[in-house]
S.K.: 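Got a structure for you, written out below as structure tokens; questions coming shortly.
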Amino acid sequence: MKRPLAFILLLALGAWDPSRSPNKDVEAGNEAAAEGRWDDAIAAYDRAAKDGSVDPDGLAYNRGTAELAKAKQTTDAAEKKALTDRALEDLKQAGNAKDPHVRGEAAYNRGNALLDANKYDEAVESYKQALRDDNTLDDARINLELALRRRHKQQQQQ
């Protein structure tokens, strides 16, 4: 159903041309993310945010995706929640990106986080948005169906 997050991150970060910015901090962040060094990636993206030439919405996608990946590996509940909340906000901002593929991937990643948190209504809306932005996201279509089924099951149990 869902592809492993690291695979999706590598694919998404590698496929997005705007993230291949001449900004050395964006490049360092992308390299760190590809290697699974989430703290280094987030720190590099935070440094890149100080450069006015870097697209803030594309950067929000990178940072939010890295924050979600770090949250998945974190065992501390408070830190996991804080990272996930920040990631959801960053991915929401990335929904304003000019590139529809970036907007779609951001909504897809946001939907995955919401699905993991059992927030089915919000996950459904995120997956729908992902498909509106980029109708080639087959995983968003699959996860939309999964979120709808889980929501239906939850409603039946109530």
Side-chain angles (χ1 to χ4, degrees), residues 1-16 18-19 26 29-46 49 56-97 99-158:
M1 300 235 161
K2 290 193 281 187
R3 286 189 269 176
L5 181 61
F7 174 74
I8 292 169
L9 289 170
L10 289 175
L11 231 122
L13 289 173
W16 180 39
S19 72
V26 172
N30 291 346
E31 182 179 317
E35 295 171 0
R37 295 182 291 115
W38 307 119
D39 287 326
D40 293 342
I42 294 165
Y45 295 143
D46 288 343
D57 299 327
L59 193 56
Y61 168 75
N62 285 359
R63 190 175 45 249
T65 302
E67 289 163 342
L68 279 181
K70 181 179 177 187
K72 284 228 180 243
Q73 294 179 345
T74 300
T75 57
D76 179 82
E79 183 181 7
K80 183 181 288 276
K81 181 179 179 351
L83 282 164
T84 301
D85 289 347
R86 263 198 328 259
L88 289 171
E89 284 303 312
D90 283 332
L91 292 171
K92 185 176 183 179
Q93 178 186 342
N96 297 319
D99 184 335
H101 181 69
V102 172
R103 290 194 313 265
E105 288 286 345
Y108 172 71
N109 287 350
R110 191 170 155 74
N112 289 342
L114 293 165
L115 184 64
D116 288 345
N118 299 325
K119 295 180 180 181
Y120 302 127
D121 289 336
E122 293 175 68
V124 164
E125 291 309 312
S126 287
Y127 292 132
K128 286 180 179 178
Q129 185 61 51
L131 291 167
R132 281 191 291 271
D133 288 328
D134 185 349
N135 65 4
T136 67
L137 295 173
D138 292 332
D139 287 342
R141 197 174 328 282
I142 292 167
N143 286 3
L144 171 59
E145 184 178 336
L146 177 63
L148 288 167
R149 286 182 185 182
R150 288 186 183 175
R151 181 174 71 179
H152 180 70
K153 184 177 180 180
Q154 182 183 53
Q155 289 169 343
Q156 285 181 327
Q157 291 173 347
Q158 291 176 349

S.K.: Can you name the nearest heavy-atom pair linking Gln93 to Pro56, along with the distance?
M.R.: NE2-O, 3.3 Å
S.K.: Please enumerate all residues that pass side-chain contact (heavy atoms from CB on, under 4.5 Å) together with Ala44, with sequence neighbours excluded.
M.R.: Ala28, Arg47
S.K.: Can you measure from NZ (Lys80) to OG1 (Thr74) and round to the nearest 0.5 angstrom?
M.R.: 6.0 Å
S.K.: Are more than 12 heavy atoms, taken from residues, nucleotides or ligands other than Lys92, located less than 6.0 Å from that residue's NZ atom?
M.R.: no
S.K.: Test His152 against every option in Gln156, Gln154, Arg150, Arg149 by the side-chain hydrogen bond (donor to acceptor under 3.5 Å, both in side chains) rule and name the one that passes.
M.R.: Gln156
S.K.: Less than 4.5 Å apart, any side-chain heavy atom of Tyr120 and any of Leu115?
M.R.: yes
S.K.: Just wondering, do Tyr108 and Asn143 contact through their side chains at under 4.5 Å, heavy atoms?
M.R.: yes
S.K.: Hey, are the side chains of Val26 and Leu59 touching, using non-hydrogen atoms and a 4.5 Å cut-off?
M.R.: yes
S.K.: To the closest 0.5 Å, what do you measure between CD (Gln73) and CG (Asp39)?
M.R.: 9.5 Å
S.K.: Find out whether Leu68 and Leu91 are in side-chain contact, i.e. whether some heavy atom of one side chain is under 4.5 Å from a heavy atom of the other.
M.R.: yes
S.K.: Using the salt bridge (Lys or Arg N to Asp or Glu O under 4.0 Å) criterion, which residues pair with Glu122? Sequence neighbours excluded.
M.R.: none
S.K.: In Å, rounded to the nearest 0.5 Å, how long is the span from NZ of Lys70 to CD1 of Ile42?
M.R.: 5.5 Å
S.K.: Checking Gln129 now: which residues fulfil side-chain contact (heavy atoms from CB on, under 4.5 Å) with it, not counting sequence neighbours?
M.R.: Ala107, Arg132, Asp133
S.K.: Measure the shortest side-chain to side-chain distance between Gln155 and Arg151 over non-hydrogen atoms and say whether it is less than 4.5 angstrom.
M.R.: yes
S.K.: Taking only residues two or more places apart in sequence, or in another chain, which ones meet Thr75 in a side-chain hydrogen bond (donor to acceptor under 3.5 Å, both in side chains)?
M.R.: none
S.K.: Just jot down the salt bridge (Lys or Arg N to Asp or Glu O under 4.0 Å) partners of Arg141, sequence neighbours excluded, or say none.
M.R.: Asp138
S.K.: Is any side-chain heavy atom of Leu88 less than 4.5 Å from a side-chain heavy atom of Leu114?
M.R.: yes
S.K.: Please find the pair of heavy atoms, one from Ala87 and one from Gly64, that lie closest to each other, and give the distance.
M.R.: CB-O, 3.3 Å
S.K.: Between Asp134 and Glu105, does the side-chain contact (heavy atoms from CB on, under 4.5 Å) criterion hold? Intermediate values first, please.
M.R.: CA-CA 8 Å; Asp134 185 349; Glu105 288 286 345; 5.5 Å; no
S.K.: Who are the side-chain contact (heavy atoms from CB on, under 4.5 Å) partners of Ala41, not counting sequence neighbours?
M.R.: Ala32, Ala33, Tyr45, Ala66
S.K.: Before accepting this row, confirm whether a basic side-chain N of the pair Arg103/Asp99 lies closer than 4.0 Å to the acidic partner's carboxylate O.
M.R.: no
S.K.: What's the separation between atom CG in Asn109 and atom OG1 in Thr65, rounded to the nearest 0.5 Å?
M.R.: 4.5 Å
S.K.: In Å and rounded to the nearest 0.5 Å, what is the OG1 to NZ distance from Thr84 to Lys72?
M.R.: 8.5 Å
S.K.: Quick check for you: to the nearest 0.5 Å, what is the distance between Leu83 atom CG and Asp90 atom CG?
M.R.: 10.5 Å
S.K.: Would a 4.5 Å heavy-atom cut-off, applied to side chains only, mark Leu137 and Tyr127 as touching?
M.R.: no
